[in-house]
Every structure is written in structure tokens, then in C-alpha cells.
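First comes the structure, then the notes that go with it.
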Amino acid sequence: MLRDETSPTARALLMLELLQASPGISADRLASRLGVSTRAIRRYVEILREADIPVTSVRGPAGGYRLGRGLRLPPLMFNAPEALALVMAVLDGHHDASDPHTPVGSALGKLLRALPESVAAQAKAVRMATAPVRDRGAARPDPETTVALVRASEARRRVDIDYRSEAGYERTIDVEPWAVVVRHGRWYLLCQAMHAGETRAYRIDRVRSVRERPETFAPPDLDPASALEEHLGQGWEHPAEVVIHAPVDQLRWLSKHLGRLEAINEGTTVLRGSTSNPVMYAEQLALIPGDFEVRRGDEVRAAVAALGRRLTAAARLSAG
């Protein structure tokens, strides 16, 4: 229902949007959607016609209003969830969408500049806060939920989120929403979980609802994408400590989700992390161009040994 003070011209423009979305819509439905009488609908039709927008009507039970031929389309109109959904779709499909110098980034910038600032603000914030990479296994969150988290992050206001874990457990969590980050097609809320006093990353597609709290917070000075990568390498059920016979500067390319690198001396580095998937972790370690030993983590050590046996068997078969 629209507010009573909404002007007739504004209502006429909203009716134009309804006519574009639902050709043949009846006067009764238009009146219900706009919260006015059918008499007012006829007045809005005349406002549109005076603006050279052809609106035709058909009488009878199956009648209604539709836009006539020869209409010059007005500027695009989006509400905040629609605008953000478009930005999210572009970011999911194009990893360079945040770069204004690329064709995709330039086109996205034009779209945002054409929107009212009140609508474009959340979309701009998500665009600047994301580091997307295309992934067929991407999980798209609800745009309205994402809008609520972006708003709270910008306002630096704590929120309660209703969260459903991968195992299906539901709980309410009080958090400081530091940033929204996209990683490999999945949207995360990087935050401080107040009950634990620790940094956490929650999948936004698993957030069921968001409620702002009165408390405010001061976010830490960090790079959200790097902080998320580092966080994803900690706290899993299978720990790992790997000694790598290479200088730490030669290993900076390793994904931060494997853990933290620390120099032991000029030619030796230790990697400390954890994983929920030892087999995948072992496969990532196998990419290291040098010798290494798993000093801690029985599950990871067993996975590395199994991978070694499999590769050795493959080499024997090739030789034969």
C-alpha cells in the first residue's frame, strides 16, 4: 500500500511499471496494487496519455489496460532488490565486473549511475566489497537478505541473523557485520560472532532473516577478501602442519585457505592450517614445487600417502 501523500504523477509512473510487467491488467487489480480507487486509475491513465504514453483499454470481463504501439520506452525503473540482484548476477558471471575499465565493469557502472542514489547505494556497496570468481557450484543468496547485511555493514550496526548450518541446525547469532565477500560464487558475511568473540564467515545463502540491533561497532582495519581466505583455513576438524623446504617468499601464491605461512629460516617455511577434506588438501599440497613433510595431522598425512601411492601406481602403468 502506498502512502497517502504519494503524488498522482508518482502513482501514474508506478502504474506504468505495472502495465509494462502485466499487459492487460484490470482496473481492479491496478487499484488494489496502488491502494486507490478505480476512479483514480482512470485519472492516472489520462496523466500517462497527456505525456504521450499510449494506454489502451478493452472493456468486458476479459478487458484491461495495456500499453499501445509506438511507445518510446521510459528510463529503466528498478527497486533496490532488483538492482542488487542484477549486480549480483553480473558479479557471479564476470570476475572483472568490479573493474570499471573493462567492458562489463563499464556497462555495470552506467547502470548504477542511471539509478536513483537511494536504490543504487546498496548495489554499489556490494560491487566494491566483492571479489568474485566464476563457479558452476555457486550458491546465490536472497537479494533482500544481502541488502539488509550491506546496510548494516555500512551503518556499522550489529544484527541478529537466523542461520541454518550445513547440517541443518538453526540458531540465532548476534554479529558485527564487517563485510560481504564473494568467493568462488559463494557469498559470505565476514563478521565478529559476539557469543564466541571470534571472527567468523557465514554463508549468506544460509541466512534466513536479518534484524538490526541498537548497538554499533567499529570495524577492524583489514582487507575483507584476504581476511576471508585466512579464516577459511582455520577452525576445521582436521589440523595440518606442513614443513616446506622453500623460502616463504616463493610460496605466497598458495591459497590462503590452506593456512598461514611462517618462515622458519631463509630456506624453510611452515604452513599451519586445517581442513574438512584431507583428500582435497593433499591434492593442493601436491602442487608445491619442492619437498615437504606433514609434521602434524594424521588425516592429512594419510591422504598425502594415499595420493603418493596412487601417483606412483599411475607412473608404473605408464612405464609398462
Side-chain angles (χ1 to χ4, degrees), residues 1-94 97-128 130 140-151 154:
M1 183 74 69
L2 296 179
R3 297 190 302 271
D4 291 340
E5 63 267 24
T6 304
S7 71
T9 302
R11 291 178 189 268
L13 290 174
L14 290 171
M15 191 175 79
L16 174 59
E17 185 176 355
L18 292 173
L19 292 174
Q20 289 176 306
S22 304
I25 187 171
S26 68
D28 288 338
R29 283 185 60 200
L30 285 170
S32 175
R33 294 288 297 274
L34 296 177
V36 299
S37 66
T38 54
R39 181 178 178 181
I41 292 299
R42 290 193 292 272
R43 186 166 70 251
Y44 302 152
V45 169
E46 291 306 315
I47 291 175
L48 293 176
R49 287 172 175 169
E50 289 173 3
D52 293 327
I53 298 175
V55 180
T56 62
S57 60
V58 177
R59 297 182 180 276
Y65 291 101
R66 66 178 62 244
L67 297 176
R69 297 183 179 225
L71 171 65
R72 290 187 301 172
L73 290 177
L76 293 176
M77 294 181 289
F78 300 103
N79 58 34
E82 289 172 339
L84 181 57
L86 286 174
V87 175
M88 292 167 67
V90 173
L91 290 172
D92 277 341
H94 297 274
S98 295
D99 185 349
H101 301 294
T102 65
V104 171
S106 175
L108 183 58
K110 291 179 181 179
L111 172 62
L112 294 177
R113 287 192 295 274
L115 297 173
E117 184 58 31
S118 60
V119 174
Q122 298 95 30
K124 289 178 180 177
V126 169
R127 183 192 188 191
M128 298 306 296
T130 57
R140 277 77 180 183
D142 176 58
E144 293 192 20
T145 299
T146 311
V147 165
L149 292 172
V150 169
R151 283 175 176 166
E154 287 188 315

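Note: hydrogens, waters and symmetry copies are ignored here, and every other heavy atom, side chains too, is used. All residue numbers in this chain count up from 1 along the given sequence.
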*side-chain contact (heavy atoms from CB on, under 4.5 Å) partners for Ile47, two or more places apart*: Pro8, Ala12, Tyr44
*Residues in side-chain contact (heavy atoms from CB on, under 4.5 Å) contact with Ser26, at least two apart in sequence or another chain*: Asp28, Arg29
*In Å, rounded to the nearest 0.5 Å, how long is the span from CG of Leu14 to CG of Leu34?*
6.5 Å
*asked:* Let's go through Glu17 and Leu13 carefully: what are the C-alpha distance in whole Å and the side-chain angles of both, what is the deciding distance for side chain to side chain contact (heavy atoms under 4.5 Å, CB included) to 0.1 Å, and is it a yes or a no?
replied: CA-CA 7 Å; Glu17 185 176 355; Leu13 290 174; over 6 Å; no
*Do Leu30 and Val36 have side chains that get closer than 4.5 Å, going by heavy atoms?*
no
*Shortest non-hydrogen contact from Pro141 toward Thr146*: CG-OG1, 3.6 Å
*Does anything in residues 39-49 pair up under salt bridge (Lys or Arg N to Asp or Glu O under 4.0 Å), and if so which pairs, sequence neighbours excluded?*
Glu46-Arg49
_For Leu19, run the side chain to side chain contact (heavy atoms under 4.5 Å, CB included) check against Ile53, Ile25, Thr56, Val45 and tell me which one passes._
Ile25
